[in-house]
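Worksheet: the structure to be examined is printed underneath.
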Amino acid sequence: MAYFFNETSHTFNEYLLVPGYSSSECVPANVTLKTPLVKYKKGEEPAITMNIPMVSAIMQSVSGDRLAVALAREGGVSFIYGSQTVEDEAAMVAKAKAYKAGFVVSASNVSLDSTLQDVLNLKEKNGFSTVAVTSDGTANGKLLGIVTSRDYRVSRMATDTKVSDFMTPLDKLIVADENTTLKQANDIIWDNKLNSLPIVDADGNLKYFVFRKDYDAHKENPNELLDSQKRYVVGAGINTRDYAERVPALINAGADVLCIDSSEGFSEWQKLTIAWIRERYGDSVKVGAGNVVDAEGFRFLADCGADFIKVGIGGGSICITRETKGIGRGQATALIEVCKARDEYFEETGVYVPVCSDGGIVHDHHITLSLAMGADFVMLGRYFARFDESPSNKVRLNGSYYKEYWGEGSARARNWQRYDLGGDKKLSFEEGVDSYVPYAGALKDNVALSLSKVKSTMCNCGALSIPEFRDKAKLTLVSATSIVEGGAHDVIQKETSLGTIK
């Protein structure tokens with residue numbers, strides 16, 4: 001006879017936090033959201049600590065190199081999607097790692113034979129007004145000049161005009177060598193009233209640009225997550241099929257942490273993958289695993305050597321695994337049980353294995369509830385898919401802007417490796433949908449707002465750090481009527497689908 005869990009499976013929407021005593025010190029400015037990304041032994045520090053408890057999902061429509069840089073600037077980590085060729089994923093990782101804080105690899109490049117139309121096409125594609133002119137038209141060719149919007153007028157020039165006829169040549173540029181620090185570069189920019197400063201190597205090859213606006217942004221991002229070489233920390237997804245080729249390529253590209261991308265992690269496939277990594281790299285390569293929904297699954301992956309463990313099956317907004325297979329568990333219940341198992345594992349072994357809550361987060365306060373229930377950080381897909389930096393297209397529907405968002409188990413992604421059970425190398429049936437999410441603008445603005453809500457709630461509970469919040473949080477189940485009561489009710493709101501009431 002099947003085993004039956006006595007407790008009903010609950011979701012985040014069924015819980016509320018009960019406020020606790022908050023002292024005068026409990027103000028959002030005093031709250032720290034630092035949290036471990038990878039496992040560590042008692043008395044030691046983790047190899048990677050994030051400054052915010054947010055990572056992005058391993059999805060085609062979410063985590064590319066642009067989002068990796070944007071999220072690292074805010075203190076989190078993006079896991080670049082693995083459902084692409086090994087070469088393409090490694091290239092994305094390398095591109096993100098090439099972004100030293102304040103130093104930008106040129107994304108728009110032309111050669112002397114290029115035309116004004118080529119410049120306009122690049123500007124439309126990338127949105128950048130500064131275009132590098134190099135010997136071979138690449139980001140690292142010999143620098144010959146630059147083109148900015150001040151160098152041309154579309155109304156007065158033919159679009160087939162050669163770049164060599166209107167660019168600002170090298171002998172009229174101020175450049176700096178590759179040993180220049182960010183502070184030195186900023187001084188040069190300000191002293192010479194520049195908008196950008198090209199950085200070149202000893203042979204005159206272009207390495208980076210330092211932009212006035214980027215330096216200001218750098219100063220405004222005190223939480224940015226950097227490695228020992230002042231590069232952004234970047235994660236990458238792997239699968240349990242081609243890890244022997246993918247892992248070395250990603251490590252060589254500079255990936256700081258890996259994560260096995262699978263819909264269900266309580267399997268020998270993940271054990272074999274982690275064992276292969278440990279045999280060849282020891283503990284130097286950090287790899288997360290999952291997903292699981294109970295204590296038994298957590299213990300299995302912890303014993304296998306996972307550096308963090310993801311919790312959640314079927315709770316994603318584009319996931320239909322529960323509908324198609326009848327498998328999964330309410331995210332809140334799963335998270336509570338796994339976090340309890342993590343604490344017990346820590347007491348027994350002295351090894352703390354961070355838990356990532358993956359799925360089921362619809363509202364900002366669900367992030368807060370996840371942390372209260374024990375999660376060290378959350379993985380978000382739909383949340384990040386809405387932003388400028390996600391890889392998907394922005395489209396206009398019925399007068400409003402949306403971003404495309406599709407699941408890895410959808411017909412569009414066809415990421416069969418994520419759902420692989422050792423059979424045919426194909427996606428036998430869909431476990432995800434193709435959809436749209438409302439466009440929300442820049443990542444930075446949205447993350448700042450979401451985390452301000454998290455910090456405020458933590459203060460209401462008398463906590464100034466995530467571990468303290470976990471210890472002090474008081475949670476209560478709520479009835480369906482309480483959920484209705486918690487929103488606006490019994491009023492006619494001024495802005496309705498019928499228009500503004502006057």
Side-chain angles (χ1 to χ4, degrees), residues 3-7 9-10 15 33-50 53 55 77 240 257-260 262 264-313 328-359 369-379 463 465-475:
Y3 175 83
F4 287 87
F5 288 89
N6 292 323
E7 181 188 0
S9 185
H10 297 290
Y15 284 91
L33 294 176
K34 287 182 177 294
T35 192
L37 175 61
V38 295
K39 69 181 179 184
Y40 60 93
K41 294 180 180 179
K42 189 174 184 178
E44 298 180 356
E45 293 295 321
I48 304 175
T49 297
M50 295 190 294
V55 302
V77 173
T240 59
V257 57
L258 307 176
C259 184
I260 301 172
S262 174
E264 202 282 300
F266 194 178
S267 74
E268 186 178 5
W269 302 111
Q270 296 218 1
K271 180 179 181 179
L272 293 171
T273 303
I274 297 171
W276 186 92
I277 292 172
R278 293 289 174 254
E279 181 181 344
R280 285 157 181 79
Y281 297 95
D283 290 328
S284 64
V285 170
K286 307 303 179 184
V287 56
N291 288 17
V292 299
V293 291
D294 64 4
E296 190 178 4
F298 171 88
R299 171 69 72 155
F300 172 78
L301 290 177
D303 288 340
C304 286
D307 283 291
F308 66 84
I309 294 172
K310 292 200 298 167
V311 177
I313 294 176
R329 198 179 192 187
Q331 186 67 8
T333 299
L335 183 60
I336 291 169
E337 180 177 321
V338 169
C339 289
K340 181 181 178 183
R342 174 207 56 206
D343 294 342
E344 292 172 350
Y345 190 84
F346 182 51
E347 287 296 319
E348 292 175 23
T349 67
V351 177
Y352 187 91
V353 183
V355 167
C356 169
S357 180
D358 176 20
L369 286 169
S370 296
L371 300 176
M373 292 172 181
D376 295 280
F377 55 95
V378 297
M379 178 172 275
S465 69
I466 292 174
E468 184 182 16
F469 181 46
R470 189 182 302 149
D471 290 340
K472 290 185 174 180
K474 295 181 290 185
L475 291 156

Taking all heavy atoms of [X] and all of [Y], pick out the closest pair and write down the distance.
X	Y	answer
V378	S370	CG1-CB, 3.7 Å
P36	P46	CB-CG, 3.9 Å
Y15	A332	CE1-CB, 3.7 Å
F308	C356	CD1-CB, 4.4 Å
E337	F5	OE1-CE2, 4.2 Å
V338	V355	CG1-CG2, 4.0 Å

Would you compute the distance between atom [atom1] of [X] and atom [atom2] of [Y] and round it to the nearest 0.5 angstrom?
X	Y	atom1	atom2	answer
Y281	L258	OH	CG	9.0 Å
I277	L272	CD1	CG	11.5 Å
K39	I48	NZ	CD1	13.0 Å

Any side-chain heavy-atom pair of [X] and [Y] under 4.5 Å:
X	Y	answer
M379	S357	no
V353	F298	yes
F300	E296	no
L369	L475	yes
C304	Q270	no
L371	R470	no
K310	I260	no
L37	F377	yes

Test side chain to side chain contact (heavy atoms under 4.5 Å, CB included) applied to V38 and T49, V287, V257, the passing residue: V257
Look only at the side chain of [X] and the backbone of [Y], and say whether a donor-acceptor pair between them is shorter than 3.5 Å.
X	Y	result
N291	I313	no
R278	G305	yes
T333	S9	no
E344	C339	no

For the [atom1] atom on [X], are there more than 12 heavy atoms of other groups (residues, nucleotides or ligands in this structure) within a distance under 6.0 Å?
X	atom1	result
E268	CD	no
K286	NZ	yes
E348	CD	yes

Is R329 salt-bridged to D294, going by a charged N under 4.0 Å from an acidic O? no
List the steps and the verdict of side chain to side chain contact (heavy atoms under 4.5 Å, CB included) for I466 and L33. CA-CA 6 Å; I466 292 174; L33 294 176; 4.3 Å; yes
Ring-face cation contact, F266 with R299, 6.0 Å cut, 45° max: no
Does the side chain of Y352 pick up a donor-acceptor pair with the side chain of D376 at under 3.5 Å? yes
